[in-house]
**Q** 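Before I ask anything, here is the structure I am working with.
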There are 2 protein chains.
Amino acid sequence: MKDNNDMPGHLARRFQQIAVAVFLAEVGDVGFDLTPVQYAALATIKANPGLDQVTLAGLIAYDRTTITGVIDRLVQKGLIERRASPRDRRARELEITDEGRRTLRKITPAVESAQRIMLRGLSAKEGEELMRLLRKAIAAGNELSRAPLRE
Amino acid sequence: MKDNNDMPGHLARRFQQIAVAVFLAEVGDVGFDLTPVQYAALATIKANPGLDQVTLAGLIAYDRTTITGVIDRLVQKGLIERRASPRDRRARELEITDEGRRTLRKITPAVESAQRIMLRGLSAKEGEELMRLLRKAIAAGNELSRAPLRE
DNA sequence: CGATATTGCTCAGTATGCTGACTATCAGTA
DNA sequence: TACTGATAGTCAGCATACTGAGCAATATCG
């Protein structure tokens, strides 16, 4: 019987678990209540003003049914606005608010610190190598999940 | 602004997302409906007959509040039995059933195939290196999540 | 022995993620 | 233009994960 530690799937779960915990702790320490998922969505909306939900989902590889709730919560927190698109009445355009911008600015150091902490067991070179290998494996498996990356 | 692809946390999420999808697809293809989490719990119960829930949680790094539901579903599927411990009336002893054993045996090839597929973009050497780096990062971050590994 | 702390487990509540189904709308074509 | 297919979004339902609270039972220590 293979050990859990020889299963990339198990290791993936463990690493993600730690990554989320570190992110929440760092962001919480500076007084904000934002999840990794909400952060990625907010940052992507800021970088792509007026984008619709499907495009956003493709840019960060979220399922379209997941993104609904994430956006609900960002709207509820006053960090973004959701309004009907004038060009396509099915679509919703997303825009970051001033408060969203302020929040992003304030938590950026905590987010960066979180990324360092979750790699703290590795040397700089090893951290780079881990990210390179993850990127490569992810690229090869992109189409295997329901929420692939779309550029 | 850092790109998502430079964020280990984001890469962790993506890799895990793919890993789960591949696992479910492979196991589903041979006619079983078992999640990665349920599989790990089942295999660990088989390897450690009569263990209690807290010990199980520690061995696979699950939160104790998560394991309750996982065990409920394994019991409901008839794969394990949960009974009160004679030594400690707070604890529940877990035991795999014959059907649990049969299920494990039948899905093992699918589980192994899933592990290969999620690394299909990498050479054998790269796959080994990815697992080594993940293990190292996880070891250093073990205490940072609410559900650390306990041996 | 008795008060206190700790432990095993559960529950309510919240937030991802997914499957599958549905509505509304848009796009392409006969 | 009417039909057909595809697309944007939502919803119900299920399965992780976690926070925080609580109960029952055990362990520990004065």
Side-chain angles (χ1 to χ4, degrees), chain A residues 9-10 12-25 28 33-41 51-58 60-77 82-94 144-148 150, chain B residues 9-10 12-14 16-25 28 33-41 51-58 60-74 76-77 82-94 144-148 150:
Chain A
H10 181 77
R13 197 192 128 271
R14 288 279 288 126
F15 186 56
Q16 217 259 328
Q17 179 183 47
I18 291 166
V20 171
V22 168
F23 185 101
L24 292 176
D33 174 30
L34 211 67
T35 67
V37 158
Q38 290 166 14
Y39 168 80
L51 85 174
D52 64 296
Q53 295 186 192
V54 167
T55 305
L56 170 60
I60 47 187
Y62 291 5
D63 193 274
R64 71 183 190 288
T65 64
T66 300
I67 212 119
T68 300
V70 175
I71 290 177
D72 282 347
R73 286 180 280 277
L74 287 174
V75 168
Q76 209 254 315
K77 289 177 183 178
R82 166 163 52 181
R83 53 171 181 278
S85 164
R87 284 182 306 282
D88 185 338
R89 275 186 302 170
R90 291 169 304 180
R92 311 300 174 82
E93 285 184 354
L94 306 173
L144 300 179
S145 86
R146 177 165 136 163
R150 300 277 179 234
Chain B
H10 181 78
R13 195 191 129 273
R14 289 278 288 124
Q16 218 258 328
Q17 178 183 48
I18 291 166
V20 171
V22 168
F23 185 100
L24 292 177
D33 174 31
L34 211 67
T35 67
V37 159
Q38 289 166 15
Y39 169 79
L51 86 175
D52 65 297
Q53 295 186 193
V54 167
T55 305
L56 171 61
I60 48 189
Y62 291 5
D63 192 274
R64 72 184 187 285
T65 64
T66 300
I67 212 120
T68 299
V70 174
I71 289 176
D72 282 347
R73 288 179 279 279
L74 287 175
Q76 209 254 314
K77 289 176 181 178
R82 166 163 52 184
R83 54 171 180 277
S85 163
R87 282 181 305 282
D88 185 337
R89 274 186 303 170
R90 293 169 302 181
R92 311 302 173 85
E93 286 186 352
L94 306 172
L144 301 178
S145 86
R146 178 165 135 164
R150 298 278 180 236

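Scope of the values below: all heavy atoms of this structure, side chains included, with no hydrogens, waters or symmetry mates. By convention in this document, chain letters (A, B, ...) are assigned in the order of the sequence lines, proteins followed by strands, and residues within each chain are numbered from 1.
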**Q** Which nucleotide in the list dA21(D), dT16(C), dT19(D) gets nearest to the side chain of T66(A)?
**A** dT16(C)
**Q** To the closest 0.5 Å, what do you measure between CG (D33(B)) and CZ (R73(B))?
**A** 11.0 Å
**Q** I'd like to know if the side chain of R82(B) and the backbone of Q53(B) have a donor-acceptor N/O pair within less than 3.5 Å.
**A** no
**Q** Roughly how many Å is it from OH in Y62(A) to P in dC18(C), rounded to a whole number?
**A** 11 Å
**Q** With side chains defined as the heavy atoms from C-beta onward, is the minimum distance between S145(A) and V22(B) less than 4.5 Å?
**A** no
**Q** The side chain of T65(B) is closest to which nucleotide in this list: dT19(D), dT16(D), dC18(C)?
**A** dT19(D)
**Q** Which is true for V20(A) with a 4.0 Å heavy-atom rule: it touches a base, it touches only sugar-phosphate, or it touches nothing?
**A** nothing
**Q** From CG of D72(B) over to C1' of dA15(D), roughly how many Å is that when rounded to an integer?
**A** 12 Å
**Q** Name the residue from L94(A), V37(A), I60(A), D72(A) that meets the side-chain contact (heavy atoms from CB on, under 4.5 Å) definition with I67(A).
**A** I60(A)
**Q** For the pair made of CG in D33(B) and P in dT16(D), what is the distance, rounded to whole Å?
**A** 10 Å
**Q** Answer yes or no: does a side-chain N or O of Q53(B) lie under 4.0 Å from OP1 or OP2 of dT10(C)?
**A** yes
**Q** Closest to the R82(A) side chain: dT10(D), dT19(C), dT7(C)?
**A** dT10(D)
**Q** For dA27(D) and R87(B) - does any side-chain N or O of the residue sit under 4.0 Å from the phosphate oxygens OP1/OP2?
**A** no
**Q** Rounded to the Å, how far apart are L24(A) CG and dT19(D) C1'?
**A** 11 Å
**Q** Report which part of the nucleic acid A21(B) touches: base, sugar-phosphate, or nothing (heavy-atom distance under 4.0 Å, all strands).
**A** nothing
**Q** Rounded off to whole Å, could you give me the CZ-to-P distance for the R146(A) and dG20(C) pair?
**A** 8 Å
**Q** If you only use heavy atoms from C-beta on, which nucleotide in dA15(C), dA8(D), dA25(D) is closest to the side chain of A91(A)?
**A** dA8(D)
**Q** dA15(D) P sits how many Å from I71(B) CD1, rounded?
**A** 15 Å
**Q** If you compare every side-chain N and O of T35(A) against the phosphate oxygens of dT16(C) (OP1, OP2), does one of them come in below 4.0 Å?
**A** yes
**Q** Please work out if D63(A) contacts a base, only the sugar-phosphate, or nothing of the nucleic acid, heavy-atom cut-off 4.0 Å.
**A** base
**Q** Look at the side-chain N and O atoms of R64(A) and state whether any lies under 4.0 Å from the OP1 or OP2 oxygen of dT10(D).
**A** no
**Q** Could you tell me if the side chain of Q17(B) sits less than 4.5 Å from the side chain of R14(B), heavy atoms only?
**A** yes
**Q** Taking OP1 and OP2 of dA24(C), is either one under 4.0 Å from a side-chain nitrogen or oxygen of R89(A)?
**A** no
**Q** Nearest whole angstrom, please: distance from the P of dA8(D) to the CD1 of I67(A).
**A** 13 Å
**Q** Are R13(B) and dG17(C) close enough that a side-chain N or O sits under 4.0 Å from OP1 or OP2?
**A** yes
**Q** Check this one for me: any side-chain N or O of T68(A) less than 4.0 Å away from OP1 or OP2 of dT10(D)?
**A** yes
**Q** H10(B) has an atom NE2; how far is it from atom P of dT16(C), in whole Å?
**A** 15 Å
**Q** Show, in sequence, the C-alpha distance, side-chain angles and deciding distance for T55(A) and D52(A), and conclude whether the side-chain hydrogen bond (donor to acceptor under 3.5 Å, both in side chains) test is met.
**A** CA-CA 6 Å; T55(A) 305; D52(A) 64 296; 2.5 Å; yes
**Q** OP1 or OP2 of dA8(D) versus the side-chain N and O atoms of R92(A): is any pair under 4.0 Å?
**A** no
**Q** Tell me whether the side-chain N/O atoms of Q17(B) come closer than 4.0 Å to OP1 or OP2 in dC18(C).
**A** yes
**Q** Using only side-chain N and O atoms of Q38(A), determine if any of them is under 4.0 Å from OP1 or OP2 of dT16(C).
**A** yes
